[in-house]
Amino acid sequence: MRGKAGSGKTILFVCIACFLAGILFSGQMWTRPSNNHENTLLPPRPDCDHKRKLIEGRPGDVMEEVVKTHQAIKSLDKAVSTLEMELTAGRTSQTGGRQQSSNHSAQKAFVVIGINTAFSSKRRRDSIRQTWLPKGNQLKELEKEKGIIVRFVIGHSTTPGGILDKAIDAEEAEHKDFLRLDHVEGYHELSTKTRLYFSTIISTWDADFYVKVDDDIHLNLGMLVSTLAKYRSRPRVYIGCMKSGPVLYQKGAKYHEAEHWKFGEEGNKYFRHATGQVYAISKDLATYISINWPILHRYANEDVSLGSWLLGLEVEHVDERSMCCGTPPDCDWKARTGNVCVASFDWSCSGICKSVERMRDIHKTCGEGDGAVWNVDL
């Protein structure tokens, strides 16, 4: 307790040594933090190198993910396309005709046959009702049992609700075989009527095929349905008697083409298209017309117009010559050889010449028999 007191130099040396030792110890603490302390202060970082090595080591997994992504994109594109079609069909059902149902809820059918007619053609319609078109309950049974829909297609007059429209209303009340379009009737408006016809029926009947036929044509329904059934598995077919007639540039000609310059020099021919007396298109093509009808161009002739709408698409053109047989003796001779015609008319008249007077005789000679359509297996 009473030892010798240390010198001043010794005390100073001890103090400096302690000071340096403290600095050295605290420096190690700052430069070497514990792992726990580092994990607490710094956010976790992904091990990129590790994942890169895993990906490089498993190329099959990468390709599988790419395929799944591609399939998801295709599925999304299809869904968007479907929604666009349903939206357009909904708009069409409100603005394109008198029917208000969309294709999504449309009545199922095998074929819809629209007979193009006019206000002045009542006698023609009666001649068809008396020959190849079933009437009354038979027409309803044909729809129910076979899915075959047949309607006379007509719009309205320039004065809606006038005498002409009332006459059609009375005829419809009697026969129940009309499809009315929101369209002003007129010979030079046939392309517009055709465009509207397809956009209307696609929203009313969900059918495999849609047919247009003139009201001065003899038609064998059973042969028509049998012919169409052969192409049921093909998605985009355009069936009719294909032709390529001259482009008539002379003013005053019956089928004068005002836009003849679009088809090249004078003397050129139209592209291949089905003659307008009768033709059929499949569901996909009718849907295409229904969706795009506001921007489909209309030429002077409705058969040319339809051909132009389908020309740039992936469409199978079927040249079905049984759809353009001549009247007797042509259709009679073919029927005797077992080749019953689908349709018969006279090329010189673009239909049956004097069809009202001759339709009954042609039906007796070239008709397939009243029960033929009922025996077709669909």
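Positions are given from 1, in the same order as the sequence printed here. Values reported hereafter were calculated over all heavy atoms of this structure, with side chains retained and with hydrogens, waters and symmetry mates removed.
Here the CZ atom belonging to F119 is positioned 12.0 Å from the CD1 atom belonging to I163, to the nearest 0.5 angstrom. Note that NE2 of H273 and CD of E302 are 9.0 Å apart. Values are rounded to the nearest 0.5 Å. Between C331 atom SG and N339 atom CG the span is 12.5 Å, to the nearest 0.5 Å. Separating the CD1 atom in I362 from the CZ atom in F345 is a distance of 11.5 Å, to the nearest 0.5 Å. Distance CD/E189 to OG1/T192: 4.5 Å, rounded to 0.5 Å. Rounding to the nearest 0.5 Å places OG of S199 at 11.0 Å from CG of N292.
The aromatic rings of F178 and F152 sit tilted, their planes meeting at an angle between 30° and 60°. Ring planes of Y238 and H317: perpendicular class, angle over 60° (limits at 30 and 60°).
Here the closest non-hydrogen pair linking S348 and C353 is OG-SG, 3.8 Å. The shortest non-hydrogen separation linking E320 to S322 is OE2-OG, 2.7 Å. Listed here is the closest heavy atom pair of P134 and L142: CG-CD2, 4.1 Å. Closest of all the heavy-atom pairs between L228 and A280 is CD2-CB, 3.7 Å. Shown here for G367 and H218, the closest heavy-atom pair between the two residues is CA-CE1, 4.0 Å. In terms of heavy atoms, G351 sits closest to D216 at CA-OD2, 3.6 Å.
Atom CH2 of W347 sits in a crowded spot, with more than 12 heavy atoms from other residues, nucleotides or ligands closer than 6.0 Å.
The shortest distance between side-chain heavy atoms of I148 and V150 falls below 4.5 Å. Proximity of W293 to W309: side-chain heavy atoms (C-beta onward) are nowhere separated by under 4.5 Å. Proximity of E357 to R123: side-chain heavy atoms (C-beta onward) are separated by under 4.5 Å at one or more points. No side-chain heavy atom of V342 sits less than 4.5 Å from a side-chain heavy atom of N220. Using a 4.5 Å heavy-atom threshold, the side chains of L285 and R236 count as touching. When side chains are defined from C-beta on, D370 counts as touching H363, because their heavy atoms get closer than 4.5 Å. Between I113 and L224 the shortest side-chain heavy-atom distance falls below 4.5 Å. Residues T275 and M242 fail the side-chain proximity criterion, which asks for heavy atoms closer than 4.5 Å.
Between the side chains of S244 and R272, not a single donor N or O lies within less than 3.5 Å of an accepting N or O. In summary, the side chains of R358 and T327 do present a donor paired with an acceptor at a separation below 3.5 Å, with no hydrogens or angles considered. No side-chain donor from either of D332 and T365 sits under 3.5 Å from a side-chain acceptor of the other.
Between D214 and K212 there is a salt bridge, with a side-chain nitrogen of the basic residue lying less than 4.0 Å from a carboxylate oxygen of the acidic one. With salt bridges taken as basic N to acidic carboxylate O contacts below 4.0 Å, none links E141 and K146. With respect to the salt-bridge test (charged N to carboxylate O, under 4.0 angstrom), the residues K122 and D215 do not qualify. Salt-bridge check for E143 with R151: passed, with a basic side-chain N closer than 4.0 Å to an acidic carboxylate O. Ion pairing of E171 with R129 is present here, as a side-chain N (NZ or NE/NH1/NH2) and a carboxylate O approach within less than 4.0 Å. Electrostatic pairing of D177 and K135 does not count as a salt bridge here, judged by no charged N lying under 4.0 Å from a carboxylate O. Using a 4.0 Å cut-off between charged side-chain N and carboxylate O, D319 and R321 make a salt bridge. For the pair R234 and E316, the salt-bridge criterion is met [side-chain N within less than 4.0 Å of a carboxylate O].
Under the 3.5 Å distance criterion, the side-chain polar atoms of S191 are matched with a main-chain donor or acceptor of Y299. Using modelled atom types, no side-chain atom of S226 and backbone atom of M223 make a donor-acceptor pair closer than 3.5 Å. The backbone N or O of A286 lies less than 3.5 Å from no partner atom in the side chain of S290, so there is not a single donor-acceptor pair.
No chain of hydrophobic side-chain contacts below 4.5 Å, direct or via other Ile, Leu, Val, Met, Phe, Trp or Tyr residues, connects V318 to Y279. Tracing side-chain contacts under 4.5 Å through hydrophobic residues (I, L, V, M, F, W, Y), one never reaches I217 starting from I281; they form parts of separate clusters. Linking ILVMFWY side-chain heavy atoms closer than 4.5 Å, directly or via other members, places V278 and L306 in two distinct hydrophobic clusters. Hydrophobic clustering places Y197 together with L296 (ILVMFWY residues linked when any side-chain heavy atoms are closer than 4.5 Å, directly or through intermediates). Hydrophobic clustering of Ile, Leu, Val, Met, Phe, Trp and Tyr side chains at less than 4.5 Å, counting indirect connections, unites I352 with L219.
If you look at F198 and Y210, their ring centroids are not closer than 6.0 Å.
For the cysteines C366 and C325, the sulfur (SG) atoms lie at a distance of at least 2.5 angstrom from each other.
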Test log, rule salt bridge (charged side-chain N to carboxylate O under 4.0 Å, His left out), inputs K283 and D208: CA-CA 5 Å; K283 177 181 177 179; D208 293 329; over 6 Å; no
Any chance you could lay out the side-chain hydrogen bond (donor to acceptor under 3.5 Å, both in side chains) test for R298 and S305, step after step, and finish with the verdict? CA-CA 5 Å; R298 294 157 293 168; S305 293; over 6 Å; no
Show your working on side-chain contact (heavy atoms from CB on, under 4.5 Å) between F110 and I149 and close with a plain yes or no. CA-CA 8 Å; F110 173 70; I149 314 295; over 6 Å; no
Taking it one step at a time, do H156 and H183 satisfy ring-ring contact (aromatic ring centres under 6.0 Å, His included)? CA-CA 6 Å; H156 58 78; H183 165 76; 7.6 Å; no
Before giving the answer on side-chain contact (heavy atoms from CB on, under 4.5 Å), spell out for I154 and L179 the whole-Å C-alpha distance, their side-chain angles and the decisive distance to 0.1 Å. CA-CA 6 Å; I154 195 169; L179 172 66; over 6 Å; no
Given side-chain contact (heavy atoms from CB on, under 4.5 Å), test V153 with L181 step by step and report yes or no. CA-CA 7 Å; V153 181; L181 301 178; 3.5 Å; yes
Full working for side-chain contact (heavy atoms from CB on, under 4.5 Å) between V112 and V211: CA-CA 6 Å; V112 177; V211 175; over 6 Å; no
Could you go step by step and tell me if K193 and E185 meet the salt bridge (charged side-chain N to carboxylate O under 4.0 Å, His left out) rule? CA-CA 8 Å; K193 184 177 181 179; E185 286 291 323; 2.9 Å; yes
What verdict does the side-chain hydrogen bond (donor to acceptor under 3.5 Å, both in side chains) test give for R125 and T117, after you've listed the backbone C-alpha separation in whole Å, the side-chain angles of each residue and the deciding distance to 0.1 Å? CA-CA 8 Å; R125 293 191 290 272; T117 191; 2.9 Å; yes
